[in-house]
Amino acid sequence: MDNVRVRFAPSPTGPLHIGGVRTALFNYLFAKKHQGTFILRIEDTDQTRYVANAEKYLIDALNWCNIPFDEGPGKNEKFGPYRQSERKELYKQFADELISKDWAYYAFDTPEELDFHRKNHEEKGKTFIYNWHNREKLNNSLVLSTEEVTQKITNGEQYVIRFKTPQDETLFMNDEIRGKIKIDTNTLDDKVLFKGDGMPTYHLANIVDDHLMEISHVIRGEEWLPSLPLHLLLYKAYDWTAPKFAHLPLILKPAGKGKLSKRDGDKLGFPVFPLEYLNEVTGDTSRGFKEDGYFSDAFINMLALLGWNPGTEQEIFSLEELCKVFSLDRVSKSGAKFNPDKTKWFNQQYLIKKSSAELAVLFSPILSEKGINKDKEYITKVISLIKERATFVADFWELSNFFFAAPSEYDAKASKKNWKEGTSELMKELISTIENIQDFNSDTIETVVKEWITSKEIGFGKVMQPFRLSLVGAMKGPHLFDIAEMIGKQATVDRINKAITTF
């Protein structure tokens, strides 16, 4: 495929929802699959919703996800500028061109006039649509003389430029995911292309920028599917070659009904944004996958499989593998349910795949905060024993605290069940047995202790359960003799003695 150029074009109105991240990801994967270019464009034509720190957040989020843009604001600006607010002088000439070609017209209808028509239609049980059936009865340049139009503009009257949608045509369209689509142009309204504030609407700026930036494929969310007829008509009006379009399915709530929202995450306890986001106006903070402990590669792997499948049973993909196997023909038409538990599962798989030494680096700051100073080799060994039980690095402390400090309390239920009459005497004998072990490693400790239990002709549980309770404080943890080796002979004896005096 020649010269693939795709773009991710978010509006800087707040944090980047994972639906937007997935759109960026699919664009990135498609570009890399075809040795193309992934472009970031900031569509900030709606200045009323602009948020100052949103653009930085967008770029930081793409970088954390390891899907940085190839071309965009401040980077390889071959077709810049890449913020639509910095291109606004450009769009007026293209709007004027449409007027000169009779594909658009000036509309001077005031908000009050439009509101009157809407209410009038509602009273009659109808819906007001500004298009072919009434546009020549309204306040616009289709019914006004050239002199009247010029005078209104000279007088500074507010106006918009509307697209003149063709009448009585059937528009045949193709979507790379959804296939053939057709629509009757009589059902379309005459969208505003240029606003009274001197800024283009999304529709005009989007088409002009895609053309000038030589975009080959537009891969975007299905919420833009209703805009496809207008966009293709705009390409026709300009006599430009349209890019190929692909509209991605929605990411749905876990229950499957409706689009996933921040409210769903707040209610069910998971983030819906890649990074934590601080609203500088309200002071509210939204959770992020990064701050919740997710690895970026696990997050991306999960996201890739929301609405796309490889056609195999494989679920774990590196970013490089995704770039090789991704294709639009494997993208689903129907929405994809977000599954919080499956998302945690992905993170667990990536955690297990990481080396214990790598994880030790991530765990060390948590230990430092608790005033624990252990060498990396010891921490690495601890992690090798417990990491398969963890989902996040933050889980390590709960799973391993007994490797770093003697238990300060004991699980009440386990204590009642496992420390009975005669247990203390058995534990004293266990101490003697342990003290006589010279080579204090896991295998030797296990052999000696089990031989001693066998010689006493008692059940293993009578010793092993209170032994674990003594070292750990609860009935949890990895192989008991690994724990004993790690903490050492003296600490093992001390902990058993402490349990004896406690019970």
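Note: hydrogens, waters and symmetry copies are ignored here, and every other heavy atom, side chains too, is used. Note that the structure is a prediction, hence the values are computed from the model and not measured.
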Note: [X]-[Y] ion pair, threshold 4.0 Å (strictly below):
| X | Y | value |
| --- | --- | --- |
| R87 | E43 | no |
| R83 | E55 | yes |
| K124 | E122 | no |
| K88 | D197 | no |
| K333 | E222 | no |
| K92 | E97 | no |
| D189 | K191 | yes |
| K476 | E398 | yes |
| K164 | D190 | no |

Below 4.5 Å, heavy atoms only, C-beta onward: do [X] and [Y] meet side chain to side chain?
| X | Y | result |
| --- | --- | --- |
| L98 | L234 | yes |
| E113 | N139 | yes |
| I251 | K259 | no |
| K353 | L351 | no |
| F26 | V331 | yes |

To the nearest 0.5 angstrom, please state how far the [atom1] atom of [X] sits from the [atom2] atom of [Y].
| X | Y | atom1 | atom2 | answer |
| --- | --- | --- | --- | --- |
| E136 | Y105 | CD | OH | 9.5 Å |
| F69 | K75 | CZ | NZ | 5.5 Å |
| K182 | K180 | NZ | NZ | 13.0 Å |
| Q151 | T146 | CD | OG1 | 13.0 Å |
| F317 | F326 | CZ | CZ | 12.0 Å |

Think K236 forms a cation-pi with Y238, using NZ or CZ under 6.0 Å from the six-ring centre and within 45 degrees of its axis? no

Heavy-atom pair of closest approach, residues H203 and S227: CE1-OG, 3.4 Å

How close do F79 and Y82 get, heavy atom to heavy atom, and via which atoms? N-OH, 2.8 Å

If only atom types and distance count, is the side chain of [X] paired as donor or acceptor with the main-chain N or O of [Y] below 3.5 Å?
| X | Y | result |
| --- | --- | --- |
| N120 | F116 | no |
| K152 | N140 | no |
| T312 | Q314 | yes |
| N339 | K342 | yes |
| N63 | P68 | no |
| S141 | L144 | no |

Around atom [atom1] of [X], are there more than 12 heavy atoms from other residues, nucleotides or ligands closer than 6.0 Å?
| X | atom1 | result |
| --- | --- | --- |
| N155 | CG | yes |
| Q93 | CD | yes |
| K324 | NZ | no |
| K253 | NZ | yes |
| K267 | NZ | no |
| K33 | NZ | yes |
| E86 | CD | yes |

Using a distance-only test with no angle check, is there a side-chain donor-acceptor pair under 3.5 angstrom linking [X] and [Y]?
| X | Y | answer |
| --- | --- | --- |
| Y202 | Q84 | no |
| S296 | N66 | no |
| H211 | D209 | no |
| S332 | S334 | yes |
| D284 | Y277 | no |
| D168 | N186 | yes |

Would you say the ring centroid of H34 lies under 6.0 angstrom from that of F30? yes

Below 6.0 angstrom between ring centroids: does that apply to F94 and W240? yes

Sole candidate of K244, R220, R7 that passes salt bridge (Lys or Arg N to Asp or Glu O under 4.0 Å) when paired with D210: R7

As a quick check of understanding, evaluate side chain to side chain donor-acceptor pair (under 3.5 Å) for N347 and T391, giving each step before the final call. CA-CA 6 Å; N347 207 66; T391 300; over 6 Å; no

Show the numbers, then the answer: is there a side chain to side chain donor-acceptor pair (under 3.5 Å) between E148 and S145? CA-CA 5 Å; E148 287 175 309; S145 68; 3.2 Å; yes

Checking F270, F289, F273 against Y294 for ring-ring contact (aromatic ring centres under 6.0 Å, His included), the one that qualifies is F289

When the ring planes of W103 and F163 are compared, do they come out parallel, tilted or perpendicular, using 30° and 60° as the limits? parallel

Run the side chain to side chain donor-acceptor pair (under 3.5 Å) check on D264 and S261 step by step: do they pass? CA-CA 5 Å; D264 299 311; S261 70; 3.0 Å; yes

